Asker: 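I have a structure here, written as structure tokens, and I will follow up with some questions on it.
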Amino acid sequence: MSENPGATESGAKTYAGGCHCGKVRYQVTLDLSHPVISCNCSMCGRAGTLLTFVPAGQFKLLSGEDSLTDYVFNHHVIHHLFCKVCGIKSFARGSGKDGPTVAINARCLDDVDLGKLNVKPFDGKSR
Ligand SMILES: [Zn+2]
């Protein structure tokens, strides 16, 4: 049996990420062997974000809180944050079933080989 209770823990790593100009910087612990979501909704489809969701406790904003602009649409569940200097959406804040959640744009993580990500299409358009 391939069941390995420690697999999730051991695959999680701490990454640094942020926007283009460097105002917004964060640190996040996540497991990139898990699929990242390519959503086709009106927002993600345009921006091309590759999302992965983590509990807010695994995310730490190091700098740039005052450079973030908040954009909400649809059900106003997710706060789509972008840097007001360079316009990059490096993460978003939302609330999930288990409390505050952060959606990380995997494209904004340092030293990540995007070609190796397991990208999973998500049909957000029809929701
Ligand atoms: Zn920026």
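Both ligands and their constituent atoms are indexed starting at 1 by order of listing. Along the sequence shown, the residues carry numbers beginning at 1. Fair warning: this is a prediction, and the values are worked out from it, not measured in the lab.
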Asker: Would you confirm whether the ring centroid of F59 sits within less than 6.0 angstrom of the ring centroid of Y26?
Answerer: yes

Asker: Relative to the Zn ion (ligand 1), how many protein N, O or S atoms have a separation of less than 2.8 Å?
Answerer: 4

Asker: Can any side-chain N or O of K84 pair as donor or acceptor with the backbone N or O of D66 at less than 3.5 Å?
Answerer: yes

Asker: Among all residues two or more places apart in sequence or in another chain, which pass the side chain to side chain donor-acceptor pair (under 3.5 Å) test with T29?
Answerer: T14

Asker: With sequence neighbours left out, which residue pairs that include part of residues 99-117 fulfil the salt bridge (charged side-chain N to carboxylate O under 4.0 Å, His left out) condition?
Answerer: R25-D110, D113-K116

Asker: Going by the rule side chain to side chain donor-acceptor pair (under 3.5 Å), which residues pair with S33 if we only count those two or more places apart in sequence or in a different chain?
Answerer: D31

Asker: Take V28 and V102, measure what side chain to side chain contact (heavy atoms under 4.5 Å, CB included) needs, and give me the verdict at the end.
Answerer: CA-CA 10 Å; V28 63; V102 177; over 6 Å; no

